[in-house]
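Heads up: the structure comes next, in structure tokens.
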Amino acid sequence: AFLLVKESINDTIKTVFFDKGKIEQTDPVTLKKKAIIIENLENFGNTLANFRNINIDLSEYSFIFGSGNTITNTMFNDFLMSFDELLCLFDIDAGGLQMFNTLEKRHPQCQFIYPDNLLWIMDKYVANSHGKEVVLALNSKFGDNKKLHPILTLINKTQKTVEQELYLIEDTNDE
């Protein structure tokens, strides 16, 4: 198994290979003690663009591409536990919430992050509202996770979910 990583915001993408939960690689990687996991490959490739509206000192972080259930594979537990802080930039939908919920149970240092202008993104770029059944199901499934309450509040308010590719739209701070 492998993960794609960037040692810092402007670094090239490197591949970290794992065998039985331990890093097995030929290309040395020196990661920081804090990491940001990005779910979508397009967002990972354009890392800096994701953070126009997220106030974080990116110089403190390394970056990990964590798509779908791959990042929740128990093979990566020790690796992820080696970080003092894990920020998760995931889709704000059932899949992203599930990934975070799974990771956060194993790694209490996880935090779910999203742009400060998320409500504006939802209003401007997400046309389809979900039915109350979908929203109730998300609340029922993830409501016990206190770290997800701010996200669930936005979903409840708007009846919408968001794919993180929308964070890459250049005019998101053109209010």
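Note: hydrogens, waters and symmetry copies are ignored here, and every other heavy atom, side chains too, is used.
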Any donor-acceptor pair under 3.5 Å linking the side-chain atoms of [Y] with those of [X]?
X    : Y    : result
E163 : N40  : no
N156 : N139 : yes
Y114 : Q164 : no

May I ask you to decide if [Y]'s main-chain N or O and [X]'s side chain share a donor-acceptor pair within less than 3.5 Å?
X    : Y    : answer
K147 : P108 : yes
R52  : I169 : yes
N50  : N43  : yes
K20  : M75  : no
T102 : Q98  : yes
T158 : L154 : yes
E39  : D91  : yes

Taking atom [atom1] of [X] and atom [atom2] of [Y], what is their separation to the nearest 0.5 Å?
X    : Y    : atom1 : atom2 : result
Y125 : E165 : OH    : CD    : 14.5 Å
Q109 : L87  : CD    : CG    : 10.0 Å
L86  : I64  : CG    : CD1   : 6.0 Å
L118 : I92  : CG    : CD1   : 4.0 Å
L166 : I121 : CG    : CD1   : 6.5 Å
L31  : F63  : CG    : CZ    : 11.0 Å

Look at the aromatic rings of F112 and F100 and report parallel, tilted or perpendicular, splitting at 30° and 60°.
->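 It falls in the perpendicular class, over 60°.
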Using 30° and 60° as the class limits, which term best fits the ring planes of F65 and F44: parallel, tilted or perpendicular?
->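 The arrangement is tilted - the two ring planes meet at 30° to 60°.
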Side chain proximity check, [X] to [Y], heavy atoms < 4.5 angstrom:
X    : Y    : value
Y167 : N53  : no
T47  : I36  : no
D78  : F18  : no
L168 : E42  : yes
H130 : I155 : no
E104 : Q111 : no
F79  : L3   : yes

Look at atom NZ of K34 and say whether more than 12 heavy atoms of other residues, nucleotides or ligands are closer to it than 6.0 Å.
->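 Buried by this count: over 12 neighbours within 6.0 Å.
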Verify the neighbour count for atom CG of N55: are there more than 12 heavy atoms of other residues, nucleotides or ligands below 6.0 Å?
->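 Not more than 12 within 6.0 Å, no.
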Single hit among E7, K32, E85, K6 for side-chain hydrogen bond (donor to acceptor under 3.5 Å, both in side chains) with Y61 |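 Checked E7, K32, E85, K6 against Y61; only one passes side-chain hydrogen bond (donor to acceptor under 3.5 Å, both in side chains): E85.
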Report yes or no: do L136 and F142 belong to one cluster of Ile/Leu/Val/Met/Phe/Trp/Tyr joined by side chain heavy-atom distances under 4.5 Å?
->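 L136 does not cluster with F142.
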Do you know which two heavy atoms are closest between T70 and F76, and how far apart they sit?
->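 Nearest heavy atoms, T70 then F76: O-CE1, 3.2 Å.
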